[in-house]
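First the structure, in the form of structure tokens, and then the observations on it.
Chain letters run A, B, ... following the sequence lines, proteins first and then strands; every chain starts at 1.
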There are 2 protein chains.
Amino acid sequence: MNATERIKAFRSYLGSQGLKLTTQRDAIAKVLFTSEGEHLSLPELLERAQKIRSGIGYATVYRTMRLLVDGGFASEHQFGDGQTRYEPADDTKHHDHLICVRCGKVVEFEDPVIEARQDAIAAQNGFEVVAHRLEIYVRCLQGCEDKDNPA
Amino acid sequence: MNATERIKAFRSYLGSQGLKLTTQRDAIAKVLFTSEGEHLSLPELLERAQKIRSGIGYATVYRTMRLLVDGGFASEHQFGDGQTRYEPADDTKHHDHLICVRCGKVVEFEDPVIEARQDAIAAQNGFEVVAHRLEIYVRCLQGCEDKDNPA
DNA sequence: TTACTTGCAAATACTTTGCACGTGC
DNA sequence: GCACGTGCAAAGTATTTGCAAGTAA
């Protein structure tokens, strides 16, 4: 599903839930759905949304993101910088993240071997998997710039 | 390494760093090292430490835990309840967590297959692994009580 | 009209820090 | 004695909420 289709789906979802489609919600959804791979924080989402529709408040972004997460349109991540970050949810396949501890670069990946292993481990312990979160903290092999101590 | 050995190691570490061994630090370390598998939060650590040595303040627990984490004696986790949780660090092998989304139960596991896969994936993307965090959110198969809505 | 939304500001919830007083070494 | 440590209270951060005014349907 591309960004346009996702926005349409979100609009339908709002209607189906008796919620209203406002210019604020539309702008925020647009920002989210066109941020593939970026993992934006609330302040970042706010800044971009205000370019589309000025005057949007922080609380509206916060509440709209919760709406998007609850509706399955977005997923939240905590990468350890103390901020919650968001990305468009992928309804078909799940992916995980490689995060460089030096430069902060984030690369997404998916691996069926790990997914399968998780199901097996959960089953062995008397559980069924609902979701998972895997973050691999790494260092770039070809060198990268320290985000906290720029050269 | 058992709890007693870990406490000794921590005491030596303090000396080697020119830091002082106080009754507060000792009590907090004792609480941590005897909490295997519990993943205590700061308030919980504080409560238990105060039973050993009354009068300990929150800030002291906070600063001592940072000391323990920095020294490699403890590791931090964020399980999504908005609190940082701590457990004694295992110097030999890493383990991950299965977390029941309904009752909050946490089970630890380790899996060499997943560990090996992570190294391979990182290498394929031009990284070397520094650390990782894997949380599998599950549901108990034999039923459990909802922590937010007790029966 | 009417229920849902918004933006502001205030309230939370945790975490982190400044500082005067204590205390290991 | 002196440098490090402690406890309190206050300051940060990021998140969440109350409410009067605004708006989609």
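The closest side-chain donor-acceptor pair between A:Glu87 and A:His95 falls under 3.5 angstrom. Between the side chains of A:Gln118 and A:His132, a donor-acceptor pair is found at a separation under 3.5 Å.
Checking the phosphate oxygens (OP1, OP2) of C:dT23, no side-chain nitrogen or oxygen of B:Arg25 falls inside 4.0 Å. A close approach under 4.0 Å does occur between a side-chain nitrogen or oxygen of B:Tyr58 and OP1 or OP2 of C:dT15. Applying the 4.0 Å criterion to OP1 and OP2 of C:dG24, one finds that B:Gln24 has every side-chain N and O outside that range. Taking 4.0 angstrom as the limit, A:Thr60 places none of its side-chain polar atoms (N or O) nearer than this to OP1 or OP2 of C:dT5. The side chain of B:Thr84 contributes an N or O atom lying less than 4.0 Å from OP1 or OP2 of C:dT15. Within the structure, every side-chain polar atom (N or O) of A:Arg53 is placed at least 4.0 Å from both OP1 and OP2 of C:dT5.
Which of D:dA24, D:dG5, C:dG7 sits closest to the side chain of B:Thr22 comes down to D:dG5. With C:dT6, C:dG7, C:dA3 as the candidates, the nucleotide lying closest to the side chain of A:Ala59 is C:dG7. The nucleotide whose nearest atom lies closest to any side-chain atom of B:Tyr62 is, among C:dT6, C:dT15, D:dA25, C:dT15. Of the listed nucleotides (D:dG5, C:dC25, C:dT15), D:dG5 has the atom at the smallest distance from the side chain of B:Leu19.
Distance, B:Gln17 CD to D:dC4 P: 12 Å, rounded to whole Å. Between B:Gln83 atom CD and C:dA13 atom P the separation is 11 Å, expressed in whole Å. Summarising the geometry, the separation between CG on B:Leu67 and C1' on C:dT16 is reported as 15 Å, rounded to the nearest angstrom. If you take CD of B:Gln78 and P of D:dT15, they are 12 Å apart, rounded to a whole angstrom. Distance, A:Glu44 CD to D:dT15 P: 11 Å, rounded to whole Å. Remark: P of D:dA14 and CD of A:Glu76 are 16 Å apart, rounded to the nearest angstrom. At whole-Å resolution of the value, CD1 in B:Ile28 and C1' in D:dG5 are 11 Å apart. When the C1' atom of D:dA3 is taken as reference, atom CG of B:Leu21 falls 16 Å away, rounded to whole Å.
Toward the 5' end of DNA chain C, the nearer of the two residues A:Thr64 and B:Gly82, judged by each one's closest nucleotide, is A:Thr64.
Within 4.0 Å (heavy atoms only), A:Arg63 reaches at least one base atom of the nucleic acid.
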Let me see the working for B:His39 and B:Glu108 under side chain to side chain donor-acceptor pair (under 3.5 Å), right down to the final yes or no.
-> CA-CA 11 Å; B:His39 312 94; B:Glu108 301 175 348; 3.1 Å; yes
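At a threshold of 4.0 Å, the pair B:Glu38-B:Arg48 counts as salt-bridged, since one of the basic side-chain nitrogens sits closer than that to a carboxylate oxygen.
Only one option out of B:Glu135, B:Glu44, B:Glu76 pairs with B:Arg85 in a salt bridge (Lys or Arg N to Asp or Glu O under 4.0 Å); it is B:Glu44.
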